[in-house]
Number of protein chains: 4
Amino acid sequence: MKKKEEERKKQIMNAAFHAVSNLGYDKVTLQDIANHANVSKGVVHYYFTSKQNILLELLESTTSKIYRFEIQEIGKYHSAIEKLQAYVNAVFVSPQDNKKFYRVYLDFLAQANGNEDYKRINLKFYENCWGIGQEIIELGKGEGVFREDIDPLTYAKVIRAIIDGSLIQWLTCDIEEQHTFYKDICFNSILKLLK
Amino acid sequence: MKKKEEERKKQIMNAAFHAVSNLGYDKVTLQDIANHANVSKGVVHYYFTSKQNILLELLESTTSKIYRFEIQEIGKYHSAIEKLQAYVNAVFVSPQDNKKFYRVYLDFLAQANGNEDYKRINLKFYENCWGIGQEIIELGKGEGVFREDIDPLTYAKVIRAIIDGSLIQWLTCDIEEQHTFYKDICFNSILKLLK
Amino acid sequence: MKKKEEERKKQIMNAAFHAVSNLGYDKVTLQDIANHANVSKGVVHYYFTSKQNILLELLESTTSKIYRFEIQEIGKYHSAIEKLQAYVNAVFVSPQDNKKFYRVYLDFLAQANGNEDYKRINLKFYENCWGIGQEIIELGKGEGVFREDIDPLTYAKVIRAIIDGSLIQWLTCDIEEQHTFYKDICFNSILKLLK
Amino acid sequence: MKKKEEERKKQIMNAAFHAVSNLGYDKVTLQDIANHANVSKGVVHYYFTSKQNILLELLESTTSKIYRFEIQEIGKYHSAIEKLQAYVNAVFVSPQDNKKFYRVYLDFLAQANGNEDYKRINLKFYENCWGIGQEIIELGKGEGVFREDIDPLTYAKVIRAIIDGSLIQWLTCDIEEQHTFYKDICFNSILKLLK
DNA sequence: AATGAATGAGTCTTCATTCAT
DNA sequence: TATGAATGAAGACTCATTCAT
């Protein structure tokens with residue numbers, strides 16, 4: 001029965017993701033989430049103690065999904081440059097997915113300002129991303145393709161800043177065709193910085 | 001009389017700024033704004049047609065205030081590098097101000113995803129910021145301190161991405177001491193990119 | 001389950017009727033209706049999309065209740081004169097009921113001037129009433145008790161005008177004892193007109 | 001100065017009439033009235049103690065205007081039948097005027113149900129109208145054109161009921177072309193009743 | 001486990017009324 | 001006299017949460 005419960009929660013979580021993605025963090029209602037999940041409003045409360053609770057888990061699951069995907073993608077390659085390219089590609093998956101995922105993510109980012117729980121989850125996500133950056137930088141230094149004098153953690157933070165900054169800019173300008181443009185300047189900028 | 005009205009609107013706008021900054025975009029109520037302005041709820045509606053209307057003007061005034069400050073600061077210097085430093089300094093004014101201003105800005109950025117009006121205002125802000133970047137880059141190219149082969153607009157976008165990405169990261173990590181750290185890596189990264 | 005919902009709506013509708021009857025169309029609040037129904041404010045919105053919606057249904061149910069009662073009463077008799085008397089009696093049921101029903105009806109009549117939905121519902125009610133008048137007139141012509149040269153629809157309209165005009169006059173003068181007086185002059189006038 | 005005050009009040013009263021006529025009794029605001037009068041909101045309160053007060057005076061002035069016009073019109077003729085025709089013609093002036101005046105009147109009629117002041121004013125209007133009816137009936141009896149056995153007051157009430165009932169029916173059906181139709185059946189019915 | 005009816009606190013908005021100028 | 005800025009009470013409506021079934 002434990003398995004069914006897990007499945008139910010996943011189903012609701014998924015519905016919450018689409019609902020927030022469509023309507024925005026502050027517009028979404030429990031009824032919206034229930035509708036997206038094709039269940040009754042009561043079910044949502046049965047599996048989650050409160051709306052706050054759902055959204056918290058949603059941030060957690062969203063960031064962890066993003067992170068796992070990044071890990072998976074860079075795992076397919078072996079050189080630092082290839083891994084870096086895979087990392088950036090993983091972030092800029094496709095216009096459609098980026099819009100869905102990062103709208104939700106951006107909403108939570110804004111929420112994090114006034115909510116310690118969100119802040120904590122987001123910090124964990126940052127640390128994970130910095131970990132990816134560090135790994136690539138250290139690999140590149142070992143390969144001799146990146147400069148020796150760069151501090152891995154510091155530059156890992158810069159890398160993430162460039163990635164987030166580019167993605168948010170693309171998201172806000174909302175010109176689908178520029179997806180590739182932003183992916184490219186993001187990758188090229190990071191590369192130039194590390195070389 | 002016109003002047004008094006302008007002043008009143010500014011007072012309310014200012015109250016709205018602090019209210020959103022303290023409570024967040026979606027938590028703020030008209031009563032909060034009225035309280036911050038030390039006026040009755042009715043007054044807010046007397047000067048603004050709706051809550052939406054206040055928030056729209058708030059985004060406009062906030063972004064334009066940020067932009068004007070940036071313009072003012074880079075105007076104090078004459079060389080490209082100095083202007084770039086002034087630009088970054090203007091963004092990273094002080095931990096306190098950054099928190100206030102960019103919390104509001106980040107909230108609107110998140111809203112922009114689902115609201116054409118916010119999107120439009122934000123695009124205008126981006127274009128203004130890109131203009132600053134382009135100006136600095138072209139000056140630097142003239143001075144011979146920046147590479148010749150860089151496209152001003154493209155790199156202006158990268159500059160803003162790094163700035164926003166760094167600031168949001170600092171804001172979210174919420175460690176005041178790292179304010180200088182983020183300002184520095186932001187400036188250094190941009191410089192390295194352009195040289 | 002469907003039955004329970006129907007009952008609930010009826011209960012609220014009934015509460016709305018009494019609330020409007022006591023307080024008047026433009027004074028009544030959703031809270032008043034909720035109080036009359038002994039339910040919470042939220043319930044009213046659960047069953048009706050808006051206040052407008054409740055009042056619309058109230059006009060519909062009020063006019064249809066009046067009409068059904070008229071039909072029922074004239075159905076008890078077979079001759080034209082008896083039916084006419086039953087018709088007038090049905091309208092002038094009793095001082096208490098008349099006050100309740102026709103106060104609500106008069107309120108809606110006034111609203112109909114600026115509202116197409118009310119106008120439409122009221123027109124339907126008029127047509128129903130004219131139908132009753134026509135039926136009685138045609139029957140009376142067949143029986144030879146009414147003149148041959150009268151146009152059924154035209155006179156049906158006159159009949160309703162006399163009925164409404166008398167009732168409104170009684171309602172506005174608000175002298176209970178005159179209830180019988182107005183019922184009598186109403187019936188006698190119509191009769192004299194048709195003979 | 002007394003004269004100017006009177007004029008001001010008249011101006012506001014007139015504006016109130018048009019405002020209520022356009023918007024309806026319960027929709028009209030003091031701002032609407034002020035706008036129609038091209039004065040500031042403050043002025044309205046300067047000349048009338050309250051909104052209730054304006055509307056009360058409006059009912060009084062409206063009913064008295066209707067009554068004075070009826071008196072004036074029947075004064076132009078000398079025979080009972082001509083006076084009756086003039087009376088009906090005065091009520092059914094023109095589609096445009098009827099709509100304006102009787103919308104306001106119907107609104108007040110509805111209000112009268114729950115308000116003693118309105119009720120009193122309206123009763124006064126009824127008594128005036130009954131007076132007209134009685135006068136015509138007595139004249140007709142004297143002329144020998146009306147039956148001898150009719151009670152003037154009773155039939156005066158019937159006359160007014162037919163007039164109001166017809167006018168309200170025309171107003172609610174809202175078919176301009178039927179204005180003449182209703183005027184005719186109204187006059188013919190009354191005539192048939194009295195002969 | 002699941003439903004959805006019921007609750008009522010909270011929010012935006014309107015507007016009569018007051019009052020300083 | 002006249003203005004219109006300011007107030008705050010009141011009302012429609014939303015929605016998270018509870019709970020009986």
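Letters A, B, ... are given to chains in the order of the sequence lines, protein chains preceding strands, and every chain is numbered from 1.
At least one side-chain heavy atom of B/K51 sits less than 4.5 Å from a side-chain heavy atom of B/V28. You'll find the side chain of B/F125 stays beyond 4.5 Å of the side chain of B/T62, heavy atoms only. Side-chain contact check for D/H45 versus D/L30: some heavy-atom pair is nearer than 4.5 Å.
For F/dA16, the OP1/OP2 oxygens have a side-chain nitrogen or oxygen of A/K51 closer than 4.0 Å. OP1 and OP2 of F/dT1 both lie 4.0 Å or more from every side-chain N or O belonging to D/Y47.
Look at CG on B/D32: it is 12 Å from P on E/dG10, rounded to the nearest Å. Atom NZ of A/K9 and atom P of E/dA2 are 13 Å apart (whole Å). As rounded to whole Å, 9 Å separates atom P of E/dA16 from atom CG of D/L55. Rounded to an integer number of Å, the gap from CG of D/D26 to C1' of F/dA12 is 15 Å. Put simply, CG on C/L30 is 15 Å from C1' on E/dT7, counting in whole angstrom units. Put simply, CD1 on B/I33 is 11 Å from P on E/dT13, counting in whole angstrom units. Going from atom CG of D/N35 over to atom P of F/dG4 covers 11 Å, rounded to whole Å. With rounding to whole Å, C/N38 atom CG is found 14 Å from E/dT7 atom C1'.
Using a 4.0 Å heavy-atom cutoff across all strands shown, C/V44 reaches no nucleic acid atom at all.
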All N/O contacts under 3.5 Å from nucleotides 19-21 of chain E to the protein, with atom names and distances to one decimal?
none

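Ring geometry for D/H18 versus D/H36: interplanar angle under 30°, hence parallel rather than tilted (30 to 60°). Classified by interplanar angle (parallel below 30°, tilted 30° to 60°, perpendicular above 60°), the ring pair D/Y118/D/F108 is perpendicular.
E/dA1 makes up no base pair with any nucleotide shown, lacking Watson-Crick or G-U wobble contacts both under 3.5 Å. The pairing partner recorded for E/dT21 is F/dA2, the criterion being a Watson-Crick or G-U wobble arrangement whose two distances lie under 3.5 angstrom. With both pairing distances under 3.5 Å, F/dT14 is matched to E/dA9 as a Watson-Crick or G-U wobble pair. Pair assignment for F/dG8: E/dC15, on the basis of Watson-Crick or G-U wobble contacts that are both within less than 3.5 Å.
At a cut-off of 3.5 Å, with distance as the only test, no side-chain donor of C/D107 or C/Q111 sits close to an acceptor on the other residue.
By the 4.0 Å N-to-carboxylate-O rule, A/D26 lies too far from B/K27 to be salt-bridged with it. Salt bridge absent: C/K100 and C/D97 never bring a charged side-chain N and a carboxylate O closer than 4.0 Å.
Comparing D/T49 and B/S50 against DNA chain E, the residue whose closest nucleotide sits nearer the 5' end is B/S50. Two residues, D/V39 and A/Q52, neighbour DNA chain F, and the one matched to the more 5' nucleotide by heavy-atom proximity is D/V39. Mapping B/S40 and C/K27 onto DNA chain F by nearest heavy atom places B/S40 closer to the 5' end of the strand.
Side-chain to base pairing of C/K41 with E/dT7: no donor and acceptor N or O lie closer than 3.5 Å to each other.
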